[in-house]
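First up is the structure itself, then whatever we jot down about it.
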Amino acid sequence: MTTERFQAMNALIARPAAAAAVAATMLLSLSACGGDEPAAPSGKAVIGGVEIVKDQQLHDLLPEKIKKAGKVRVATDVPYPPFEMYVKEGGTELTGLDYDLGQALGAKLGVTFAFSPQKFDGIVPALQAGKFDVAMSAITDNEERQKVVDFVDYSQSGSGILVGDGNPAKVTTLDDLCGRKVAVQAATNQLDLLKSHQDACAKTGKGKVDIQTFPKDSDAQLALRSGKVVAQVLTKPAAGWVAKTADGGKAFDLVEDPAAPGGYNASPNGIAVSKQLPELTDAIQKALQSLIDDGTVVKIYNEYGVTSIAVKEATKNAAVD
């Protein structure tokens with residue numbers, strides 16, 4: 001992500017840098033995909049290999065305007081792999097974790113989740129203006145945004161560590177980066193993370209991280225491929241997607257630190273819902289919990305290499321700031 005895009009995101013929807021890291025692989029979707037107007041899930045649907053059946057009790061919780069329309073209007077910023085992508089370059093057909101999860105929620109609720117691309121900085125204003133009902137775009141749930149929208153939280157994501165295939169440097173935690181060359185994109189949260197860990201590194205006796213900054217995540221990955229660095233730090237969802245798709249999954253591995261399952265400095269990502277539709281927030285929260293309980297959410301996340309960022313409880317407005 002460019003510095004300008006990072007600053008724009010941080011100003012409103014603060015998603016960490018990742019898009020540039022996976023631009024080359026964003027078309028390699030691993031799950032069923034659909035267009036902006038998928039078939040109405042009046043009976044059942046198969047999402048990510050899971051059959052989902054409409055729950056009439058959950059459908060009854062929906063606001064009358066949603067039931068009458070038969071759809072939920074969803075704003076999303078495309079592309080942002082692995083959360084949202086186009087199936088084909090230049091096309092309009094969508095795929096990605098958010099898209100698949102939206103279709104699963106729609107099938108459970110018995111309505112269509114109709115996704116429409118929206119410029120990143122216009123998502124929240126569009127929700128406030130009533131142009132959309134919800135937004136699914138890896139949006140960080142924080143207290144400032146809760147003033148204008150409600151969130152149903154569906155993942156916890158922070159920074160992750162990408163290493164070469166087979167993890168030749170045996171990296172398992174941030175401390176294992178101490179005293180070694182590590183790649184990171186400039187002007188990102190991940191660079192701040194490495195800088196903030198330098199004091200901890202000094203205490204280990206291994207020396208500080210030898211931070212190698214690059215203008216793009218893809219440049220950092222070239223350094224990792226060539227052995228110039230032992231690891232790259234980037235958002236964990238992006239790291240998981242790159243590990244899953246680059247060279248058919250044979251180029252990189254994602255480090256899974258049990259102490260930071262969602263990534264380092266993880267924060268909740270939420271489905272943003274218009275405050276004018278509290279019944280919709282309630283229905284989505286209950287539908288998401290149902291999909292968590294039956295294992296659907298984990299299966300969808302696994303398709304994108306980010307199983308560890310899935311939450312076990314569908315919380316509401318769970319900001320950590």
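In this view, Glu279 satisfies the salt bridge (charged side-chain N to carboxylate O under 4.0 Å, His left out) rule with no residue, not counting sequence neighbours. Under the rule for a side-chain hydrogen bond (donor to acceptor under 3.5 Å, both in side chains), Asn265 has no partner lying at least two apart in sequence or in another chain. Residues that satisfy the side-chain hydrogen bond (donor to acceptor under 3.5 Å, both in side chains) test with Asp176, not counting sequence neighbours, are Thr172. Partners of Lys208 under the salt bridge (charged side-chain N to carboxylate O under 4.0 Å, His left out) rule, at least two apart in sequence or in another chain, do not exist in this structure. For the side-chain hydrogen bond (donor to acceptor under 3.5 Å, both in side chains) test, residues two or more places apart in sequence or in another chain that qualify with Asp141 are Gln146. Qualifying salt bridge (charged side-chain N to carboxylate O under 4.0 Å, His left out) partners for Lys147, counting only residues two or more places apart in sequence or in other chains: Glu144. The salt bridge (charged side-chain N to carboxylate O under 4.0 Å, His left out) check on Asp55 picks up nothing, with sequence neighbours excluded.
Other residues, nucleotides and ligands contribute over 12 non-hydrogen atoms within 6.0 Å of the NZ atom of Lys275. Within a 6.0 Å radius of NZ in Lys206, more than 12 heavy atoms belonging to other residues, nucleotides or ligands are found. More than 12 heavy atoms of other residues, nucleotides or ligands shown are found within 6.0 angstrom of CD on Gln56.
With hydrophobic clusters built from ILVMFWY side chains whose heavy atoms lie under 4.5 angstrom apart, Leu101 shares a cluster with Ile292. At a threshold of 4.5 Å between side-chain heavy atoms, the hydrophobic network of Ile, Leu, Val, Met, Phe, Trp and Tyr places Val229 and Val209 in two separate groups.
Taking all atoms of both residues into account, the shortest heavy-atom contact from Thr76 to Met136 is OG1-O, 2.9 Å. Heavy-atom minimum distance, Ile47 versus Ile300: CG2-CD1, 4.1 Å. When all heavy atoms of Tyr154 and Ile139 are compared, the closest pair comes out as OH-N, 4.5 Å. The two residues Asp253 and Gly166 come nearest to each other via the heavy atoms OD2-N, 2.7 Å. Considering all non-hydrogen atoms of both residues, Val149 and Ala272 come closest at CG2-CB, 4.1 Å. Of all the heavy atoms in Asp153 and Val311, the pair that sits closest is O-CG2, 3.9 Å.
Of the possible donor and acceptor atoms, one in the side chain of Gln103 sits under 3.5 Å from a partner among the backbone N and O of Phe113. At least one donor-acceptor pair under 3.5 Å links the side chain of Lys236 to the backbone N or O of Pro261. A donor-acceptor distance shorter than 3.5 angstrom exists from the side chain of Asn317 to the backbone of Phe151, with no hydrogens or angles considered.
Here disulfide (SG to SG under 2.5 Å) pairs that include residues 229-258, with residues two or more places apart or in two chains, number zero. Residue pairs meeting the side-chain hydrogen bond (donor to acceptor under 3.5 Å, both in side chains) criterion with at least one partner in residues 125-134, sequence neighbours excluded, are Arg73-Asp133. Applying the disulfide (SG to SG under 2.5 Å) test to every pair with at least one member in residues 133-233, sequence neighbours left out, gives these pairs: Cys178-Cys201. Applying the disulfide (SG to SG under 2.5 Å) rule to pairs touching residues 281-321 yields nothing, sequence neighbours excluded. Counting only residues at least two apart or in different chains, disulfide (SG to SG under 2.5 Å) contacts with residues 79-116 are absent.
With hydrogens and angles left out, the side-chain atoms of Asp257 and Thr173 include no donor and acceptor closer than 3.5 Å. Side-chain atoms of Thr281 and Lys316 include no donor-acceptor pair closer than 3.5 Å. Remark: the Asp293 side chain and the Gln289 side chain contain an N/O donor-acceptor pair separated by less than 3.5 Å.
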